[in-house]
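All of these numbers come straight from a predicted model, not from anything done at the bench.
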Amino acid sequence: MTSSARARGERLRMSDREGGIVVNVSGLIGTHPLDLARQMLRLECLGSFYTGLPPSRTPGLPAHKVCRQPIFLAPAYVARLFGLPTVGHAMNWVVTDLFDHWVASKVGPCDVLQCLSGY
């Protein structure tokens, strides 16, 4: 962005920086990672969003920017279906560990990888 553009009050986007910046966001569930991915998309610097959420739960993100694996949510959904919340909670650490390994195997090149710790 040129100094004249800044003087006119135009907004600086991350992609206006020389070379740009690529931010990958990871979140198994929850709205915070999803909102962050939407913000990064708006700023034109979202690389990929890694999640367990199905397409119906990630509106506003183009399919080519989302890498998803909804099977990670299956244990919690099944436990809730059968009224066994303690089983779902007990499986949480296993699912989180598997999700972390999955993201590590899928993550593409980026300048920043944002992920939540300790689900």
Heavy-atom closest pair, residues [X] and [Y]:
X	Y	answer
Q114	L116	NE2-CD2, 3.9 Å
V95	P75	CG2-CG, 3.9 Å
L46	V25	CD1-CG2, 4.1 Å

> Is N24 reaching over with its side chain to a backbone N or O of S48, donor-acceptor style, under 3.5 angstrom?
Replying inline: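 The answer is yes, because a donor-acceptor pair under 3.5 Å joins these two groups.
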
> Under the 3.5 angstrom rule, does the side chain of T51 hit a backbone N or O of R68 as a donor-acceptor pair?
Replying inline: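 Looks like no, no N/O pair under 3.5 Å.
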
>> Does L84, at its CG atom, have more than 12 non-hydrogen atoms belonging to other residues, nucleotides or ligands within less than 6.0 Å?
In response: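 Yes, because the 6.0 Å sphere around CG of L84 holds more than 12 heavy atoms from other groups.
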
> Looking at side-chain heavy atoms only, is the closest gap between L28 and L73 below 4.5 Å?
Replying inline: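 When only atoms from C-beta onward are counted, L73 and L28 do touch, with a gap below 4.5 Å.
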
Please table the atom pairs, donor to acceptor, closer than 3.5 Å between any side-chain atom in residues 29-37 and protein atoms at least two apart or in another chain.
unit_1, atom_1, unit_2, atom_2, d
D35, OD1, R38, NH1, 3.2

>> Tell me every residue that passes side-chain contact (heavy atoms from CB on, under 4.5 Å) with V112, counting only those two or more places apart in sequence or in another chain.
In response: I21, V23

>> According to a hydrophobic-cluster definition based on side-chain heavy atoms being under 4.5 Å apart (Ile, Leu, Val, Met, Phe, Trp, Tyr only), do W93 and L98 belong together?
In response: yes

> Does one hydrophobic cluster hold both V103 and V22, with members joined at side-chain heavy-atom distances below 4.5 Å?
Replying inline: no

>> Measuring from atom CG of L41 to atom NZ of K65, what distance do you get when rounded to the nearest 0.5 angstrom?
In response: 7.0 Å

>> Test: ring-ring contact (aromatic ring centres under 6.0 Å, His included). Region: residues 48-80. Which pairs qualify, not counting sequence neighbours?
In response: F72-F99, F72-W102

>> Just to verify, what does Q39 make a side chain to side chain donor-acceptor pair (under 3.5 Å) with, not counting sequence neighbours?
In response: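 With sequence neighbours excluded, Q39 shows a side chain to side chain donor-acceptor pair (under 3.5 Å) to R42, given in chain and number order.
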
